[in-house]
Peer 1: 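Attaching a single structure in structure tokens format; questions to follow.
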Amino acid sequence: MTAPARVPVRTRTSADLIRAEEPVLAHTYHPLPVVVARAEGAWVEDVEGRRYLDLLAGYSALNFGHRHPALIEAAHRQLDRLTLTSRAFHNDRLAEFAERLAALTGLDMVLPMNTGAEAVESGIKVARKWAYEVKGVPADRATIVVAAGNFHGRTTTIVSFSTDETARAGFGPFTPGFRVVPYNDLAALEAAVDETTAAVLIEPIQGEAGVVIPDQGYLTGVRELTRREGCLFIADEIQSGLGRTGRTLAVEHESVVPDVLLLGKALGGGIVPVSAVVAHREVLGVLHPGEHGSTFGGNPLSAAVGTAVVGLLETGEFQRRAAELGVILRDGLAELVGKGVLGFRARGLWAGVDIDPALGTGREVSHRLMREGVLVKDTHGSTIRLAPPLTITGEELVTALGALERVLERG
Ligand SMILES: Cc1ncc(COP(=O)(O)O)c(C=O)c1O
């Protein structure tokens, strides 16, 4: 038998690859000019072998770092056995995933989906059905109250209640049935809720808005208001959840349990897209066969990786690391206030940092940090977001903060 012909080694440089994307890839993103080829833990390496500390962590999809050994092992093991069945049949991984995720979150039932936006869409559908069947809202009259500055994803229904014109313009007609109120404003929320309200849908911390943390008491107020008014509290923890803020869920900072929890991003361990709607049985129980579904939702590979993610969170180690390292992050940023940083908001290993606009836009600062070997992402204006993997070490975090200090000093 003759050996197969050798495939020529790809020798394209980062610059070649960036140029090659331009004519063939839809321009929905404006990435920093770094072409990542491999990664481990908190570090990524580009095509030329340059190493960078990853302080974005896939928008918190990589809470456990790149290629966490326990997650990679779970994926490999499952790849060798069974990857997809569809929900037409049962698979032997899904029950454990649902049981352990429900137990981790203190809720009863799980609806497995794939992307964050799908979890949000599913949560909206569940809330509407609950409103008609349980609350008794007249057909097609259900409303959902949301907060200004929200980011819940990119589908046509979700952008219908976005307050970001760039996300909306050109995509109408929009889905009706949403009321937008200012974030962190309980009086406005109370005024918007009425007998048609199926749910209040909010992020416990607004990530894309720049890590906006509501006043202490806001989440408790939302919980009390929704209970009093007989509507659901849906917490979108797709970015804030799963260890990022120093707790399993950001709502735990106020000891609040929502009716419906939306999870995604880190639930897939940075390996596969895994999202979920998690809720009490009285709520998710309104769905029956044929009313909702997904070909890939709950597939055995996702369930195996998701179960391994839940396993990591069950140890409490990552929540603890986020809380402890969060002190280093907060102290380091506090040192930079007045030295190029106007202010910042931080919880756990997550921060929105407002850079003095005189020093450049968030994107320009991100560019300069990239040249210092640190990857971050601007949110808007001169705000950058820091969300390192929860596996980062204290020394690596100090290195990254040192790079930020140098970039700000140089202006
Ligand atoms: C709070 C929140 N909800 C939903 C989404 C949408 O998730 P996906 O991009 O996986 O659809 C995001 C993504 O950034 C998010 O931050």
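Note: hydrogens, waters and symmetry copies are ignored here, and every other heavy atom, side chains too, is used. Indexing begins at 1, ligand by ligand and atom by atom, following the structure's order.
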Peer 1: Could you list the atoms of ligand 1 found under 4.0 angstrom from a heavy atom of G153?
Peer 2: 6 (C)
Peer 1: Check the pair S14, E48 against side-chain hydrogen bond (donor to acceptor under 3.5 Å, both in side chains), reporting the backbone distance first and the verdict last.
Peer 2: CA-CA 7 Å; S14 289; E48 283 79 19; 2.6 Å; yes
Peer 1: Would H280 and D259 satisfy side-chain hydrogen bond (donor to acceptor under 3.5 Å, both in side chains), going step by step from the backbone distance to the final call?
Peer 2: CA-CA 6 Å; H280 287 302; D259 300 297; 5.1 Å; no
Peer 1: Atom CZ of R244 and atom CD1 of I205: how far apart are they, to the nearest 0.5 Å?
Peer 2: 11.0 Å
Peer 1: In a check of side chain to side chain contact (heavy atoms under 4.5 Å, CB included) between L349 and each of N63, L397, T245, L55, which one passes?
Peer 2: L397
Peer 1: Where is the nearest protein heavy atom to atom 3 (N) of ligand 1: which residue, which atom, and how far?
Peer 2: D236 OD2, 2.7 Å
Peer 1: Going by the order shown, which atoms of ligand 1 are within less than 4.0 Å of some heavy atom of A117?
Peer 2: 6 (C), 7 (O), 8 (P), 11 (O)
Peer 1: So is Y59 in contact with ligand 1, going by heavy-atom distances below 4.0 Å?
Peer 2: no
Peer 1: Of the listed options (Q239, R154, K265, E237), which comes nearest to atom 13 (C) of ligand 1 when hydrogens are ignored and any heavy atom counts?
Peer 2: K265
Peer 1: To which protein heavy atom is atom 8 (P) of ligand 1 closest, and what is the distance rounded to 0.1 Å?
Peer 2: G116 N, 3.5 Å
Peer 1: Of all the atoms in ligand 1, which lie at a distance below 4.0 Å from a heavy atom belonging to H152?
Peer 2: 3 (N), 4 (C), 5 (C), 6 (C)
Peer 1: For the rings on F161 and F174, is their centre-to-centre separation under 6.0 Å?
Peer 2: no
Peer 1: Is the number of heavy atoms from other residues, nucleotides or ligands under 6.0 Å of R363 CZ greater than 12?
Peer 2: yes
